[in-house]
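Only this structure's heavy atoms are used, side chains among them; waters, hydrogens and symmetry mates stay out.
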Protein chains: 2
Amino acid sequence: MRVPKKERQTELQHTIEQNPFITDEALATHFNVSIQTIRLDRMEMKIPELRERIKHVATERLDDVRTLTENEVIGDMIDLKLDTSAISILEILPEHAFSRNAIARGHILFAQANSLAIALIDDELALTTKANVQFTRSVHVGERVVAKAFVSSHRQDGRSDINVESFVGDECVFIGEFTVYRSSKEESK
Amino acid sequence: MRVPKKERQTELQHTIEQNPFITDEALATHFNVSIQTIRLDRMEMKIPELRERIKHVATERLDDVRTLTENEVIGDMIDLKLDTSAISILEILPEHAFSRNAIARGHILFAQANSLAIALIDDELALTTKANVQFTRSVHVGERVVAKAFVSSHRQDGRSDINVESFVGDECVFIGEFTVYRSSKEESK
DNA sequence: ACTACCATTATTACCTGGTACTAATAGTAG
DNA sequence: CTACTATTAGTACCAGGTAATAATGGTAGT
């Protein structure tokens, strides 16, 4: 026995996860066992065949693109009191940042704050009409940005003013004042 | 002849682009021709076989996610005079908008303008420090937003002021004033 | 030492979705 | 009537498998 079965199987899983494009034949020579052994292993581990794996990667792609851009709130909402206050968290990933220096693009922080402000307004149609923002510290990949939004005023003209402050730890990285238009002008529900 | 060859081929290309996961057999029944005809068509149009198409989509996955979010300029830059002015165009797609009303999210317009402002500055490291924006008209899916940015001042403290105005046709939909920090403080190169 | 059991390997038939090639048929234009 | 094009048919072959059945080898229990 070259390597215990169990060990080979866990390693097999690892190998395939890292490179789903590998054939059973390649795996067989890699582990120095027969193709049949690899197939028995895949059966036991419920790992699908090469083509299925490739197809899976391909179909995942479309979903992925959507979740990134079509997301209603950029970041994860962790608290929401409608028409009052809300909090969301966004972890800065490499795709949110400039590749040169790993600093988050300004519009990512803006997007988090803007989405939060819109979500905060309990209305069918809420649209940002004005924003005034400051980027007080650069944010790097890997940092978690906590955005806190609260409504400062519900005006009579169908607009609301919302303040958003975003933090990394206890450091303020972003300050924004958003004016949001509400479709229905009454404040109550 | 059900449909002229040429017409079928262009339609074939279209069909496969929209659904790369379709087999020759399915295409054959769809176009009401034989499998061989489909294969001849694919040969002529240099369209690869199903598995190759799937593999292509799968390998493109990583790259593609990048192009959407990591894109240096959101939208297509069509004119750039460094440190002076720049223009980009962005077509509003469904994923840029609220699904309920097909109105573009504010941060999409902000992202276009912000990216353009950053790209305009001829510097290794340019970061937005402040922005003041107004959304003067809602933009709908299918509209093409033309953003025009120009530098209004290069300040001595390493900051530049950039004005961005975005239009759909001749209607102004967005106005923004961005303050951008430059890493190297000299204006010349 | 014998048996039971497990892991491994081998073999065979079959599947999908093709490539590559050759040949036959149908329809149309000159 | 012929030439040409489009289409269809058929065959051999391929990769990368599934499914099932059988043979081999080693190790543990008693």
Check whether NZ of the Lys or CZ of the Arg [X] lies under 6.0 Å from the centre of the six-membered ring of [Y] and within 45 degrees of that ring's axis.
| X | Y | answer |
| --- | --- | --- |
| A/K130 | B/F135 | no |
| A/K55 | B/F21 | no |
| B/R105 | B/F98 | yes |

### Query
In terms of heavy-atom contacts, does CD of B/E44 have more than 12 from other residues, nucleotides or ligands at under 6.0 Å?
yes
### Message
Please classify the nucleic acid contact of A/I35 as base, sugar-phosphate, or nothing, using heavy-atom distances under 4.0 Å.
### Response
nothing
### Message
Considering every strand and a 4.0 Å limit on heavy-atom distances, what is the contact class for A/R53: base, sugar-phosphate, or nothing?
### Response
nothing
### Query
Under the 3.5 Å rule, do the base of D/dA15 and the side chain of A/R51 count as making a donor-acceptor pair?
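Pair found.
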### Task
Using only side-chain N and O atoms of B/S34, determine if any of them is under 4.0 Å from OP1 or OP2 of D/dT8.
yes
#### Entry: Watson-Crick and G-U pairing of DNA chain C, under 3.5 Å, as dot-bracket with | and [ ]
||||||||||||||||||||||||||||||
### Message
Using heavy-atom distances to pick each residue's nearest nucleotide on DNA chain D, tell me which of A/I47 and B/Q36 is more 5'.
### Response
B/Q36
### Task
Find which nucleotide of DNA chain D each of B/D41 and A/P48 is nearest to by heavy atoms, and output the residue with the more 5' nucleotide.
B/D41
### Task
Please tell me if the side chains of A/V180 and A/T129 come closer than 4.5 Å, counting only heavy atoms from C-beta onward.
no
Nearest-Å distance for atom pair [atom1]/[atom2], residues [X] and [N]:
| X | N | atom1 | atom2 | answer |
| --- | --- | --- | --- | --- |
| A/R8 | C/dC6 | CZ | C1' | 12 Å |
| A/R42 | D/dT18 | CZ | C1' | 9 Å |
| A/L40 | C/dC6 | CG | P | 14 Å |

### Query
Out of A/Q9, A/Q36, A/K5, which one pairs with A/D41 under the side chain to side chain donor-acceptor pair (under 3.5 Å) rule?
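Result for side chain to side chain donor-acceptor pair (under 3.5 Å) with A/D41: A/Q9.
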